[in-house]
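These notes concern the structure reproduced below.
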Amino acid sequence: MIDIRPFTPADTDGALAANEASLPAVNSLTPDELRALAAQSRHTLVAVGPDGVVGLMVCLDETADYDSRNFAWLKQNLGRFSYVDRIALSPAARGSGTGERLYRALLALLAADPDRAALPLACEVNTRPANPGSLRFHQRLGFAEIGANDHGDKAVVYLARAVVPAEQQGVSA
C-alpha cells in the first residue's frame, strides 16, 4: 500500500534517495536544497510505502525564486502556471502506478485551488539524455508539447496540460 501525502522534513533522507536514484532525469539535490525547494513549493508530495518514502514530487508556481533555465523558459512563455520541477521514484516503485498516483494527487490539490485550477500544469522531459519512458508517461497523462530547448549539455521538451479540462471549468460538482 502506497500513501501519498505532503512532504515533511522527516522525509528528507527517503526523498533524497528516490531523487538520486532518478538521475539524470532529475538534478541531484543536497538535503538543504531539498528543504529549501520544498519550503517555496506550492506542493511537495511524497509516496510512502511500508519501508518508507519511495517517491517525491515537487510543484512550484511562477512566483518561486528558482534558478533554473527551464523554469525561466516557462515563466517567459506561460506567465502564470504550476510546474512539476521533479518527479522521482525509487527503482522498486517504478512501473507500479506510483508516479500516476502522485500526479493524480497533485492535480486534485490544484483543481481544488481556485487560483490554480484554470492554469496549465507544466513540466519538462529530457530529450538529451533521452528519457522516452517519461515522455510516454506524461503523454498518457494528457501532457502535450509546448516547446523545446537545447541547452548544449542537455536538451528538453516542455509539456503542459490543463489541471481541469476546459469542458469542466466553471462546472461545480
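In what follows, residues are counted from 1 in the order of the sequence shown.
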Do [X] and [Y] come close enough that some side-chain heavy atom pair is under 4.5 Å?
| X | Y | answer |
| --- | --- | --- |
| L135 | F143 | no |
| H151 | N70 | yes |
| R42 | D113 | yes |
| L110 | L106 | yes |
| Q139 | L159 | no |

Measure from the side-chain N and O atoms of [X] to the backbone N and O of [Y], and report whether any donor-acceptor pair falls under 3.5 Å.
| X | Y | result |
| --- | --- | --- |
| E124 | A148 | no |
| R161 | L141 | yes |
| D150 | G152 | yes |
| R35 | P9 | no |
| E145 | V157 | no |

First locate atom [atom1] of [X], then atom [atom2] of [Y], and finally report the distance between them rounded to the nearest 0.5 Å.
| X | Y | atom1 | atom2 | value |
| --- | --- | --- | --- | --- |
| L121 | R116 | CG | CZ | 10.5 Å |
| L109 | S82 | CG | OG | 10.5 Å |
| M57 | T98 | CE | OG1 | 11.5 Å |
| D85 | F71 | CG | CZ | 9.0 Å |
| E33 | S28 | CD | OG | 7.5 Å |

For the hydrophobic clusters of this structure (ILVMFWY residues joined by side-chain heavy atoms under 4.5 Å, transitively), does one cluster hold both [X] and [Y]?
| X | Y | value |
| --- | --- | --- |
| L29 | V54 | no |
| L37 | L102 | no |
| L89 | V26 | no |
| L56 | I4 | no |

For [X] against [Y], the heavy-atom pair lying closest together:
| X | Y | answer |
| --- | --- | --- |
| V125 | S134 | CG2-OG, 3.6 Å |
| L74 | A122 | CD2-CB, 3.9 Å |
| P6 | V46 | O-CG2, 4.1 Å |
| A18 | S90 | CB-N, 3.9 Å |
| A117 | V163 | O-CB, 3.5 Å |
| S41 | A38 | OG-O, 2.9 Å |

Side chain to side chain contact (heavy atoms under 4.5 Å, CB included) test vs R86 passes for just one of V58, L60, T44, L34, namely V58
* Could you give me the CA-CA distance, side-chain angles and deciding distance for W73 and I146, then say whether side-chain contact (heavy atoms from CB on, under 4.5 Å) is met? => CA-CA 11 Å; W73 188 94; I146 59 169; 4.1 Å; yes
- Kindly determine whether D32 and T30 satisfy side-chain hydrogen bond (donor to acceptor under 3.5 Å, both in side chains), including the steps that lead there. CA-CA 5 Å; D32 288 342; T30 67; 5.4 Å; no
- How are the rings of Y83 and Y66 set relative to one another: parallel (under 30°), tilted (30 to 60°) or perpendicular (over 60°)? tilted
Note to self: Does the plane of the ring in F137 sit parallel, tilted or perpendicular to the ring in Y103? Use 30° and 60° as the thresholds.
What the structure shows: tilted
Side chain to side chain donor-acceptor pair (under 3.5 Å) test vs K154 passes for just one of N27, N149, T127, namely N27
Could you check whether atom CG of D13 has more than 12 heavy atoms from other residues, nucleotides or ligands sitting under 6.0 Å from it? no
Check your understanding: Around atom CG of D3, are there more than 12 heavy atoms of other residues, nucleotides or ligands at under 6.0 Å?
Key -> yes
Practice prompt. Give the intermediate values and the outcome of side-chain contact (heavy atoms from CB on, under 4.5 Å) for residues K75 and F81.
Written response: CA-CA 8 Å; K75 278 182 82 162; F81 59 94; 3.8 Å; yes
Take T8 and D11 through the side-chain hydrogen bond (donor to acceptor under 3.5 Å, both in side chains) test and state the conclusion after the steps. CA-CA 5 Å; T8 68; D11 298 319; 3.2 Å; yes
Between E62 and R80, does at least one N-O distance fall below 4.0 Å, as a salt bridge requires?
yes
